> 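Have a look at the structure that comes next, please.
As the structure is a prediction and not an experimental result, all values here were calculated from the model.
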Amino acid sequence: MPVFRWGNAFDAIRDLEREMDRWLRSVNFTMEGVRAGRAYPAVNIYELDEEFLLTAELPGAKAEDLELSVSGGVVTLRGSRRNDPDVSDERFRRSERPRGVWERTLTLPARVREEDLRAELNDGVLKLHLPKAPSL
């Protein structure tokens, strides 16, 4: 009589991963980097002739849900990602996209004219135009 049945040996590992994901979602403190390993949102900063251009990937974001500030050479992006209201937490079998309130603070490589910045949000990509300040 066989004691062990051969089946898909990875089923137990998948079950364990699903249970760990469920458990981590229930914990009330942030464990940044446990799954994703990088800050949200992903950001690039480019230096152009007359400005710095910051781009951030914000899929599904609406302009009214974002808050941007620039002060003293520091850019702060704030917002939140909501759950799909039609899907309850108990229905998730895998959850890799961060949810909830987020904030990202970045130091700019040089001074900018804070009063002249311009932002646009198209197709989930934020573009923040930061005109360079004159050199002293």
> Can you find a pair of side-chain heavy atoms, one from His129 and one from Leu53, that are under 4.5 Å apart?
yes
> Please assess Leu66 against Leu77 for the test side chain to side chain contact (heavy atoms under 4.5 Å, CB included), listing each intermediate value before the final yes or no.
CA-CA 7 Å; Leu66 300 175; Leu77 311 170; over 6 Å; no
> Can you see which heavy atom on Pro131 is nearest to which on Asp116, and at what distance?
CG-O, 3.5 Å
> Taking C-beta and beyond as the side chain, do Thr55 and Tyr46 meet within less than 4.5 Å on heavy atoms?
yes
> Atom CZ in Arg111, atom CG in Leu130: separation rounded to 0.5 Å?
13.5 Å
> What's the shortest heavy-atom distance between Ser80 and Trp102, and which atoms?
N-NE1, 3.4 Å
> Distance check, rounded to the nearest 0.5 Å: Lys62 atom NZ versus Leu121 atom CG?
11.0 Å
> Can you give me the closest heavy-atom contact between Glu114 and Gly72, atom names plus distance?
OE2-N, 3.0 Å
> Identify which one of Glu50, Glu51, Glu47 satisfies the salt bridge (Lys or Arg N to Asp or Glu O under 4.0 Å) criterion when paired with Lys132.
Glu47
> Indicate yes or no: at least one non-hydrogen side-chain atom of Leu106 is less than 4.5 angstrom from one of Leu54.
yes
> Quick one: closest heavy-atom pair of Glu57 and Pro41, and the distance?
O-CB, 3.2 Å
> Applying the side chain to side chain contact (heavy atoms under 4.5 Å, CB included) test to Val75, which of Val70, Val43, Leu68 qualifies?
Val70
